[in-house]
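Since the structure comes first, as structure tokens, the remarks are kept for the end.
Remember, it's a predicted structure, so these values are computed and weren't measured experimentally.
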Amino acid sequence: MEVQQRVEMKKVFITGDDAVAHAARQSRVDLVAAYPITPQTVIVERIADFAANGEFEGEFVAVESEHSAMSACIGGALTGARVFTATASQGLAFMHEMLYAASGLRLPMVMAVANRALNSPLNIHNDHSDIMGSRDSGWILLFAENAEEAYDRVIQGFRISEAVNLPVAVNLDGFTLTHSAEVVNMLSDEAVGAFVGRPPRRNTLLDKEPKSFGMMALPDTYQFFKEDQQRAIEGSRQAILAVEREYGELSNRKYGPIKAFRAEDADVVMIMLGSYAGTARAAVEATRSEGIRAGVVSLGWYRPFPADELLRAVEGASTLLVMDRSVSYGAIAHPLASDVMAALYRAGIRKRVVNVAYGLGGRWFTEDDARRLFRYASKPGPDFESFFYYGGESE
């Protein structure tokens, strides 16, 4: 039974960057520290506009680099403030050192990552190389498929982050989502404010008793901290599900670790992250008209990795087309495929896996490309193929 929408919403025609900026504003953020970088720039520009117009009550700090942005967010979170930042590409790479500090200190915060390729050569367009370079930094990683989901995921991110004391990164495809306008059903400021509430009370730098944070841990204790982080991110599953369920009751928009389309009886299932899942779904019916039972599974979470849900969704498939928009140089498989194959191995399941690197540096991926790949994967082949895909019949 569908959950009845409990609050009024306003339809607005905005870009993904605008949607993220509104979500941060409505979530009553105390501190935004950011350095602009394409294609994230509009997010911080819009928040700066909100601050200038008196629509944002928090502090907006324009820092001189992304490393400083994350450092300022860490400082703000240590005082108990709700903090937000946004970045992309080389900016995220420049933050890399401090990403580990944020997660290791178990600090809640939300960061939007407008996914973009990494140098060299210089490319400002979309792929997932940036976040995959930081996938093991201890952050919860969520992926949005459209602007509305990016808006929703940012709002949810604050509740998730503050429930489990881990930072959350919400990924949205650069330009494809950040600069494309679409209809977003925005909740009211009051509804979002009531949903996110205020950050729970924590030990902070502002407590009366003197405290130290970020102390050194020698070999006899360091590993214990890392084990605690692993348990925390594994344990975050229930918190994420609970927040998604509560948000669904509020907005009637339901999310989860995966989104499966025609996968229940599919022979070939395409597994992917981000906005191209819609393109792949659009190709399914035409592919089935050719006699190939195709399906699509897109992941809304990447860390923690939703292995059990994914395996249940592809249980009947003989071939998995795992689509990576990043390259793991010198590895046997690219990042998403490595996780998928690890999940299969752990469960003792053997399936044919075709790993496709696609869409690098913003290269288009069309319905024709998806159909071509479904046809390719439907034919007999070795158990594992790493198939670099640079174009299709549509070009």
Please verify the inter-ring angle class for Phe84 with Phe158; under 30° counts as parallel, over 60° as perpendicular, anything in between as tilted. tilted

Check this for me: Glu57, atom CD, are more than 12 non-hydrogen atoms of other residues, nucleotides or ligands nearer than 6.0 Å? no

Taking the six-membered ring for Trp, are Phe388 and His334 parallel (under 30°), tilted (30 to 60°) or perpendicular (over 60°)? perpendicular

Under 3.5 Å donor-acceptor, Arg116 side chain and Thr38 backbone: yes

Contact summary for Ala33 and Thr85, nearest pair of heavy atoms: O-OG1, 2.6 Å

I'd like to know if the side chain of Thr366 pairs up with that of Asp368 as donor and acceptor (distance under 3.5 Å, no hydrogens or angles considered). no

If you count heavy atoms of other groups shown closer than 6.0 angstrom to CZ of Phe213, is the number above 12? yes

Between Arg202 and Leu107 (side chain of the first, backbone of the second, donor and acceptor by atom type, cut-off under 3.5 Å), is there such a pair? no

is_close_aromatic(His22, Tyr151), centroid dist under 6.0 Å: no

Keeping Glu66 on the side-chain end and Phe94 on the backbone end, is there a donor-acceptor pair under 3.5 Å? no

Arg25 and Asp49 ion-paired at < 4.0 Å: no

Could you check whether atom CD of Glu59 has more than 12 heavy atoms from other residues, nucleotides or ligands sitting under 6.0 Å from it? no

If you look at every heavy atom in Asp130 and Ala114, which pair is closest and at what distance? OD2-O, 4.0 Å

For Ala317, does its backbone N or O pair with a side-chain atom of Lys351 as donor and acceptor, under 3.5 Å? yes

Shortest non-hydrogen contact from Leu187 to Tyr247? CD1-OH, 3.4 Å

Taking the side chain from Arg325 and the backbone from Ser129, do they hold a donor-acceptor pair closer than 3.5 Å? no

Does atom OH of Tyr276 have more than 12 heavy-atom neighbours from other groups under 6.0 Å away? yes

Side-chain donor or acceptor of Asp152 paired with backbone N/O of Glu149 under 3.5 Å: no

Is there a donor-acceptor pair closer than 3.5 Å between any side-chain N or O of Arg262 and the backbone N or O of Arg281? no

If you count the non-hydrogen atoms of other residues, nucleotides and ligands that lie under 6.0 Å from CD in Glu285, is the total more than 12? yes

Asp228 and Arg231: salt bridge (charged side-chain N to carboxylate O under 4.0 Å, His left out), yes or no, with the steps? CA-CA 5 Å; Asp228 280 345; Arg231 280 192 288 270; 2.5 Å; yes

Just checking, is any N or O donor in the side chain of Gln223 or Lys226 under 3.5 Å from an acceptor N or O on the other one? no

Can you confirm whether Arg346 is buried at CZ, in the sense that more than 12 heavy atoms of other residues, nucleotides or ligands lie under 6.0 Å from that atom? no

How are the rings of Phe175 and His125 set to each other: parallel, tilted or perpendicular (split at 30° and 60°)? tilted

Should we count CD of Glu315 as having more than 12 external heavy atoms under 6.0 Å? no

Ionic contact status for Arg350 with Asp383, cut-off 4.0 Å: yes

At what distance, to the nearest 0.5 angstrom, does CG of Leu118 lie from CG of Asp127? 7.0 Å

Heavy-atom side-chain contact between His128 and Leu273 under 4.5 Å: yes

Heavy-atom pair with the smallest gap, counting every atom of Ala333 and Phe384: CB-CZ, 3.9 Å

Between Arg82 and Gly197, which heavy-atom pair has the shortest distance, and what is it? NH1-O, 3.0 Å

Heavy atoms of other groups near Ile332 CD1, more than 12 under 6.0 Å: no

Say whether, by atom type as modelled, one donor and one acceptor occur between the side chain of Ser180 and the main chain of Leu177 under 3.5 angstrom. no

Let's go through Arg198 and Asp30 carefully: what are the C-alpha distance in whole Å and the side-chain angles of both, what is the deciding distance for salt bridge (charged side-chain N to carboxylate O under 4.0 Å, His left out) to 0.1 Å, and is it a yes or a no? CA-CA 10 Å; Arg198 291 301 308 159; Asp30 299 306; 2.8 Å; yes

Would you check if the side chain of Asp339 reaches a backbone N or O of Leu336 as a donor-acceptor pair within less than 3.5 Å? no

Partner of Phe60 by side chain to side chain contact (heavy atoms under 4.5 Å, CB included), out of Val29, Val32, Leu31: Val32

With a 4.5 Å heavy-atom cut-off, do Met111 and Leu92 have their side chains touching? yes

Do Asp136 and Arg303 meet the salt-bridge criterion of a basic N to acidic O distance under 4.0 Å? yes

Do the side chain of Asn53 and the main chain of Glu55 share a donor and acceptor less than 3.5 angstrom apart? no

Between Ala147 and Gly16, which heavy-atom pair has the shortest distance, and what is it? CB-CA, 3.7 Å

What orientation do Tyr302 and Phe305 show, parallel under 30°, tilted 30 to 60°, or perpendicular over 60°? perpendicular

How are the rings of Tyr376 and Phe387 set relative to one another: parallel (under 30°), tilted (30 to 60°) or perpendicular (over 60°)? parallel

